[in-house]
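Have a look at the structure below, then the notes.
Please read these numbers as outputs of a predicted model, since none were measured by experiment.
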Amino acid sequence: MAGNRSRKAVRQSRALGIALTPKAEKYMQRRPYRPGEHGRGRVKESDYSVRLKEKQRLRAQYGIREAQMRKVWEEARRAEGMSGENLIELLEMRLDALVLRAGFARTIAQARQVVVHRHILVDGQLVDRPSFRVKPGQIVQIKPRSQASPQFMVAAQGQHADVLPIVPDYLKVELEKLRFELVRRPKRAEVPVTCDVQMVVEHYSR
């Protein structure tokens, strides 16, 4: 099962042109082209397909379903400010995304698993919903009973740093204590996702 998920992630990464896992990144260094027998050939993409692909890239980086993405988009569209920047900010405040950014996991799928398996406390309360939106000032930590498990001992030693971006300024992380605080709302320029947000806006606004 894990092997199938890994292969699927690699194939999806090659199709979207962006590494979604550390394994996919290594694989794409050897085969930096789309999967399939015509993967090396040139493909003329329509304006619609270019925008669709950009939306899919963003959705894949957060590992969410289309229904979830559209729900966040509708909220971003109604909020004050630029819809695209609002969209990224709202996605980035998901609990699973911040668990990944803090270095408690190596991939977004692993971060979601950490949350779903009830290892996370937010302000001392157990939260098992990956979509939970963390508010500025809230403290997130691995619950004490889970901290001695090998996966979190590895994380506390900073051993995921080799595959993760630098911790962004909107997080205050105490890795050895397996806790972090969302200091403020993220800004689009700080969020380590690869995406032309304007194309995503145009896709949903068509």
Side-chain angles (χ1 to χ4, degrees), residues 13 16 18-22 24-25 54-55 57-64 68-69 72-73 75-115 119-125 127 129-143 146-147 151-201:
S13 296
L16 296 175
I18 180 172
L20 300 173
T21 65
E25 185 170 2
E54 204 63 32
K55 184 265 296 183
R57 291 175 71 177
L58 180 60
R59 185 164 66 84
Q61 288 174 83
Y62 285 100
I64 60 177
Q68 295 173 297
M69 182 80 161
V72 179
W73 160 251
E75 183 178 354
R77 184 178 59 83
R78 292 192 302 267
E80 293 184 4
M82 299 178 66
S83 299
E85 294 195 4
N86 291 340
L87 175 64
I88 299 293
E89 291 174 11
L90 293 174
L91 289 171
E92 188 65 11
M93 289 193 290
R94 286 174 55 98
L95 180 57
D96 55 355
L98 294 178
V99 166
L100 175 64
R101 303 286 181 246
F104 295 177
R106 293 174 67 86
T107 66
I108 191 65
Q110 191 179 84
R112 180 178 301 101
Q113 189 177 59
V114 166
V115 178
H119 294 300
I120 295 290
L121 301 177
V122 179
D123 285 345
Q125 300 296 315
V127 178
R129 287 190 299 111
S131 62
F132 177 89
R133 186 170 299 155
V134 180
K135 299 180 178 65
Q138 288 190 309
I139 303 295
V140 179
Q141 68 181 105
I142 301 298
K143 68 181 183 182
S146 301
Q147 291 185 11
Q151 73 177 106
F152 297 123
M153 291 178 68
V154 166
Q157 293 167 9
Q159 294 190 27
H160 298 333
D162 60 326
V163 298
L164 296 176
I166 296 172
V167 176
D169 288 342
Y170 46 86
L171 289 182
K172 179 182 178 182
V173 180
E174 297 176 89
L175 198 55
E176 68 283 354
K177 295 181 180 179
L178 291 170
R179 56 180 281 167
F180 68 84
E181 176 186 355
L182 178 62
V183 179
R184 55 175 171 77
R185 283 178 68 104
K187 297 183 184 301
R188 167 64 189 105
E190 304 171 294
V191 178
V193 294
T194 302
C195 177
D196 184 335
V197 184
Q198 183 56 35
M199 287 193 179
V200 179
V201 172

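For the atom pair NE2 of H160 and CD of Q157, the computed distance is 10.0 Å after rounding to the nearest 0.5 Å. Distance OG1/T107 to CG/L164: 9.0 Å, rounded to 0.5 Å. For the atom pair E176 CD and M153 CE, the distance stands at 14.0 Å (nearest 0.5 Å). Residue K143 holds its NZ atom at 13.5 Å from CG of L178, rounded to the nearest 0.5 Å. The CZ atom of R106 lies 9.0 Å from the CD atom of Q159; values are rounded to the nearest 0.5 Å.
Residues I64 and R94 have side chains in contact (heavy-atom distance under 4.5 Å, counting atoms from C-beta outward). Within the 4.5 Å cutoff, side-chain heavy atoms of L87 are placed close to those of L58. With a 4.5 Å cut-off on side-chain heavy atoms, V183 and L171 do not count as touching. Side-chain atoms of L90 and R133, non-hydrogen and from C-beta on, do get closer than 4.5 Å to each other. Annotation: side chain of I88 is not in contact with side chain of V200 (no heavy-atom distance under 4.5 Å). Counting only heavy atoms from C-beta outward, the side chains of F104 and V114 never approach each other to under 4.5 Å. Taking the side chain as every heavy atom from C-beta outward, D169 and K187 never approach each other to under 4.5 Å. The shortest distance between side-chain heavy atoms of S83 and W73 falls below 4.5 Å.
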Residues L91, M69; criterion side chain to side chain contact (heavy atoms under 4.5 Å, CB included); working and verdict: CA-CA 8 Å; L91 289 171; M69 182 80 161; 4.1 Å; yes
Run the side chain to side chain contact (heavy atoms under 4.5 Å, CB included) check on E174 and Q141 step by step: do they pass? CA-CA 9 Å; E174 297 176 89; Q141 68 181 105; over 6 Å; no
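Between R184 and E190, the shortest heavy-atom distance links the atoms NH2-OE2, 2.6 Å. Considering all non-hydrogen atoms of both residues, V167 and R101 come closest at CG2-O, 3.8 Å. Looking at every heavy atom in both residues, M93 comes nearest to L98 through O-CD1, 4.0 Å. Residues V193 and R188 share a closest heavy-atom pair of O-NH2, 3.5 Å. Nearest approach of I142 to I120, heavy atoms of both residues: CD1-CD1, 3.5 Å. Here the shortest heavy-atom pairing between R112 and P130 reads CG-CG, 3.4 Å.
Not one N or O on the side chain of E181 forms a donor-acceptor pair closer than 3.5 Å with the backbone of K172. N86 contributes a side-chain N or O that, together with a main-chain N or O of E80, makes up a donor-acceptor pair within less than 3.5 Å.
We find that R185 and E89 are joined by a salt bridge, their nearest charged nitrogen and carboxylate oxygen being less than 4.0 Å apart.
Defined by atom type and a distance below 3.5 Å, a donor-acceptor pair is missing between the side-chain atoms of Q68 and Y62.
Each of V140, V173, I139 was evaluated against R179; a single residue qualifies, I139, per the side chain to side chain contact (heavy atoms under 4.5 Å, CB included) test.
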